[in-house]
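No hydrogens, no waters, no symmetry mates; every other heavy atom, side chains included, goes into these values.
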Amino acid sequence: MLTTRQVDAYHALTVLAPRIAEGFRPGHFLAVAVGGPHTSMLTRRAFFIHDVKPDYGGSVEFVFAVDGPGTAWLAERRARDTLDLVGPLGRPFPLPRDPVNCVVVGDEYGSAMLFPVADALQRRGCRVDFVLGGASADRVFGAKRARRMTETPTLTTEDGSLGVRGRVTDALPGVIADVRADVVYACGPMETLRRATAVAVEFDIPIQVAVEERMACGIGLCMTCVLPVIGEDGVTRMVRACVEGPAFRGERVRFDDVGTIPFDALGAPGGGSRNVS
Amino acid sequence: MLTTRQVDAYHALTVLAPRIAEGFRPGHFLAVAVGGPHTSMLTRRAFFIHDVKPDYGGSVEFVFAVDGPGTAWLAERRARDTLDLVGPLGRPFPLPRDPVNCVVVGDEYGSAMLFPVADALQRRGCRVDFVLGGASADRVFGAKRARRMTETPTLTTEDGSLGVRGRVTDALPGVIADVRADVVYACGPMETLRRATAVAVEFDIPIQVAVEERMACGIGLCMTCVLPVIGEDGVTRMVRACVEGPAFRGERVRFDDVGTIPFDALGAPGGGSRNVS
Amino acid sequence: MRTYLGHVELANPIVTAAGCGGSGAELAQFFDLGRIGALTTRSITMAPRAGRPTPRMTETPSGLLNAVGLQGPGVDAFLARELPWLAQRNVRTVVSIGGGTVAEYTALARRLNDAPGVTALEVNLSCPNIEDRGRVFARDGAASAEVIAAVRAVMRYDVPVVAKLSPDTADIVSVARACAASGADALSMINNPLGMSIDTETMLPSLAAGTGGLSGPAIRPLAVRCVWQVRAALPDVPIIGMGGVLTGRDAFELILAGACVVAVGTALFHDPSACLRVLRELEEIVAARGYQRLADVIGLAHRPPGATARHRTDFEESSL
Amino acid sequence: MRTYLGHVELANPIVTAAGCGGSGAELAQFFDLGRIGALTTRSITMAPRAGRPTPRMTETPSGLLNAVGLQGPGVDAFLARELPWLAQRNVRTVVSIGGGTVAEYTALARRLNDAPGVTALEVNLSCPNIEDRGRVFARDGAASAEVIAAVRAVMRYDVPVVAKLSPDTADIVSVARACAASGADALSMINNPLGMSIDTETMLPSLAAGTGGLSGPAIRPLAVRCVWQVRAALPDVPIIGMGGVLTGRDAFELILAGACVVAVGTALFHDPSACLRVLRELEEIVAARGYQRLADVIGLAHRPPGATARHRTDFEESSL
Ligand SMILES: Cc1cc2nc3c(=O)[nH]c(=O)nc-3n(C[C@H](O)[C@H](O)[C@H](O)COP(=O)(O)OP(=O)(O)OC[C@H]3O[C@@H](n4cnc5c(N)ncnc54)[C@H](O)[C@@H]3O)c2cc1C
Ligand SMILES: Cc1cc2nc3c(=O)[nH]c(=O)nc-3n(C[C@H](O)[C@H](O)[C@H](O)COP(=O)(O)OP(=O)(O)OC[C@H]3O[C@@H](n4cnc5c(N)ncnc54)[C@H](O)[C@@H]3O)c2cc1C
Ligand SMILES: Cc1cc2nc3c(=O)[nH]c(=O)nc-3n(C[C@H](O)[C@H](O)[C@H](O)COP(=O)(O)O)c2cc1C
Ligand SMILES: Cc1cc2nc3c(=O)[nH]c(=O)nc-3n(C[C@H](O)[C@H](O)[C@H](O)COP(=O)(O)O)c2cc1C
Ligand code: FES
Ligand code: FES
């Protein structure tokens, strides 16, 4: 059972899912079966949860851009269709205990999942400032809601059609400095997270990022969603974005090595111990 | 663009298809793509055309029973959905030039395609008598319409819930004798066609049967729909039901050998000339 | 969008797959056969063949299992009726042949040698070798090479001999290498891997023959892998790629892997004009990527990751 | 619905496939692992392995391509943490092992020999043999047999050794025969055939590793065929069947072909409780056909067509 709406370049689906709504913490995602019965599409598609409402026992909303056949199918769903969901999944964002100053950075549909984060931060008395961006005005998600929640959200577009021309990460240093931010929360493409982390590191403040990796299962079984992350012990491991993440401390993610097995990662080929292939 | 209705145990879909409607001759079938985009179901499903109407430039109706996933999908289609059809396909029934007495024998959904045949026969001044049957009352298709078109259609059910208890082929000899039939037209399961042919042979009258074989293409490419048929020259060949049929003279079909390669068929293993496997 | 199969030029790279385009006449009702690169015949055998009993087909997820068993009229009838029909209409024709012994393949090649209208000869090696307990030739390099050498020796030099390979082997590259070494002018892959389906209602095999050949999109990953591996090992041997091509995207995938010609098989059963649609879509995709000639994209996916694709007609920064 | 893997009894025939059930802890959040026949571990290697770079997965029609590259913690960590966790919970555990040399497989078997909680040892033969230019062991009977003989020699007699075979071979029956002859107590099939997909946007392979293993319903016809052929040739060797099982119907298909145990892999990624659903559906199907014991239906599709299925508890006329 669902309702659908179009938000600029994005589609938003609200689905009745009391159990997911109940377990939800900001940063969680869900996994949707696409294609219907006898589809040729085997894997679920992962989407961050944008909103949770108590209506009808609990509903969840997610926001997506049409990318390939799975999202195209989702975009064609109509009111009262049913969806097969698994969730809530993933490690949610850790939230600060104290009322600190937070900057929330969202790029493209990555912005959607940051609203419940901002809500939770505000409920804890934190100051929240938004930096939201996208390629063009219609791809900046949630500008309106950000304006309702905070005073002056910073908006960026690469084509300059809304807010400042440039990337969210170009605007980020200014905002961090202005509001004397204590922590950054970011979601968006890997490149955005890499740049945001670089900025936070420069300001020497912690940053929490929510990453996206191709996922076949979303529940820790398949080992396809890994990326190199430095552990507490200083050792780099290929960890699963779906269960060890998607929320990570930005400084721990080896963004420059994503898509590789760093030679010093635990179990890397030639990394000390012999390997079978 | 379609409309749908349920007729007892069957579903009937009417689809706008001017080109199919225009080319239609009684006995034709069509082939429907099932499952929608990105389906795992590759092959089209074949259905005999039940009716053709001039509405909106030409529409066709076919009748089907839910059997597997493809027909289940079709049964879920709703008004205004679109369907991907190919047709009209197959060799239609040859019709007599003179106004003769015809018996039309339909078993289960096989009855559906015989109504346009009966129509065409009546237009040529033929007397038409129906023998329609099925496992139970709800599986006898078209009893009402048969009553409108002819005086006393003979109805049979295996459970006796409608008309005479038994098979259509049990009732057939009586009808042939009563009406002094000159020719029989039959459609239904292979076993029904086999029995009907045996009856016609006994009465020494010609019979036209419309057969069903598993079809991957319906247009003569794949060679999967073959059955052993005796040619004019007395030689048995494995001929394609989709293009050489589905209408055949019953006496030419080697019903007892369907599902085999008769040893005397052209090109049969060991049949004179050596074979590669 | 011209392409070459050895020295033979084809108007475009889209051909029908063996055994999937009927005799040509069936498809000709839907479009002008002159508009595709070539028509590939079913595998022609010496004697007429009635094929396998029915049921001969069943559907599997994104696949089709068939056990037709090379039903066909035999080479005499083919030469008397089907080939002249195609030749009269100037349809580029790849003639596929199938045999149970090296001698039979050789005899077929000899019969076809003088026939007008043979654009290329495709040797279907997925036939059981009756002199080796029915082991399929294509399984192993030596058996395949023996057939190819014999056929090449009798066939006119200006007719390319194409060896059609099967994925059901331990090492497709070694079979490809053996065929190329014994004179194959081109390679064609993949023929149907052997599969099976059991009807859980009757609790018996779905096909009368028990096993059957699997085709359709389910096998495309196998086809892409085989084309890729063979192209990497033998970059100079032209490849006809096939297996589960439904769209221009799929054809492009095989071309990027290394095919210079792409055959459409099972898709024809769903859409008799699939070849023309695939061709149109392929042309659009290639043009949209900024290329003008097919040759520029054949095997392009073999460039090292990070390397820019060459021969592009535009010089904008690309996202590669 | 008890079944036997050699002399080892399993509560029911549904197990997880190697590499698809995580360490067990992930699945345990969804259901009680004691309710499935057994959990199969990922293939354990001597050293920890970081696996392949990402992207490691891509979707294909009714299939999934993966190139995980046996990422895992190595045998020490497995014995220190994962196996004890399973053993404490009395989870029947099939331990899968992977190696690059015969010596490595042997060493792994030796390490596992004394470990409590090993229900069976599955030898993943789809690993490249680093002493033979990376040729996968499973391709050929002799290489497979060598591994199996070595492992069988060191492993406790009461732990069945299962040889896991790949369809990427010229003749699965000969590989199966070689493994059985060198001591395999059971056979498991099929591992993923090698496939590939190319991203037509980037015009590069979709997977960082280039090629990957194909799984899911697309390969079920290959799995059924392999199980069928091996069962026909070696009717007394127990078979764990796998490949594209999504439903009870699919499991039943492999059982009719000859499997006595059925593993569920890719389906778990879609539905973590797939094993329990498949089991329930299988029980219903078997009961609906009038059978009470699994043993009555294993390999049943091998009876000659026309023959009535035996051991039915009802004696009504059947439509067979
Ligand atoms: C944790 C997580 C959260 C996400 N949240 C959102 C969201 O809130 N909104 C949104 O629009 N998108 C989100 N994505 C990306 C979204 O999952 C992909 O856009 C979607 O799977 C594409 O499916 P497709 O069939 O349209 O495209 P295809 O490219 O055809 O997909 C083929 C396969 O690749 C996988 N895939 C493709 N692109 C991605 C990707 N970017 N990330 C992960 N897997 C991918 C698919 O899951 C599928 O298995 C998220 C991804 C992850 C991992
Ligand atoms: C010429 C012709 C005319 C037909 N006319 C009608 C009709 O008017 N009404 C009707 O209800 N049915 C008709 N059938 C049968 C109908 O095609 C099948 O019931 C239908 O294809 C089953 O599809 P499915 O996906 O539901 O079942 P599945 O069994 O899952 O189908 C799997 C595959 O087997 C093929 N198949 C299965 N059963 C049959 C069958 N009996 N005949 C041919 N192919 C089959 C399907 O086409 C498909 O490719 C006709 C068949 C043919 C050949
Ligand atoms: C019904 C059918 C008949 C076939 N007959 C032949 C044949 O006679 N000779 C041959 O070499 N290949 C034959 N093939 C294999 C195809 O030519 C092709 O290699 C294979 O089906 C993969 O392509 P596809 O997935 O596009 O169908 C046949 C395939 C099908 C489905
Ligand atoms: C992500 C993934 C990882 C796998 N890892 C292993 C492995 O470690 N060892 C092994 O023997 N097989 C492995 N397999 C193969 C499966 O165990 C199984 O044989 C195959 O996937 C077919 O079954 P399925 O279609 O149900 O997945 C893996 C398969 C997948 C999809
Ligand atoms: S998506 Fe499967 S382990 Fe993360
Ligand atoms: S269905 Fe393909 S030839 Fe008849």
More than 12 heavy atoms from other groups under 6.0 Å of CD on D:E146:
no
For the atom pair OG (C:S215) and CE (C:M57), what is the distance rounded to the nearest 0.5 Å?
10.0 Å
Approximate separation, where rounding is to 0.5 Å, of D:T266 OG1 and D:R220 CZ
12.0 Å
Leading residue by heavy atom contact count with chain C [cutoff under 4.5 Å; candidates [options]]:
options                        : result
D:S166, D:P217, D:G212         : D:P217
D:R139, D:Q229, D:R135, D:R249 : D:R139
D:P193, D:A223, D:G210, D:P205 : D:P205
D:A170, D:G195, D:G63, D:S62   : D:A170
D:D171, D:I285, D:T211, D:V297 : D:D171
D:P221, D:A218, D:S197         : D:P221

Using the rule side-chain contact (heavy atoms from CB on, under 4.5 Å), only one of C:L222, C:V227, C:V224 pairs with D:M196; which is it?
C:V224
Part of [X] within contact of chain C (heavy atom distance under 4.5 Å):
X      : answer
D:T200 : both
D:L256 : both
D:D168 : both

Identify which of C:L214, C:L194, C:T60, C:L65 forms the greatest number of heavy-atom pairs closer than 4.5 Å to chain D.
C:L194
Would you check if C:M1 and C:L282 make a side-chain contact, meaning some heavy-atom pair closer than 4.5 Å?
yes
Report yes if the side chains of C:M203 and D:F252 come closer than 4.5 Å at any heavy-atom pair, otherwise no.
yes
Please name all residues satisfying side-chain contact (heavy atoms from CB on, under 4.5 Å) with D:S144, sequence neighbours left out, ordered by chain then number.
D:L125, D:V175, D:C179
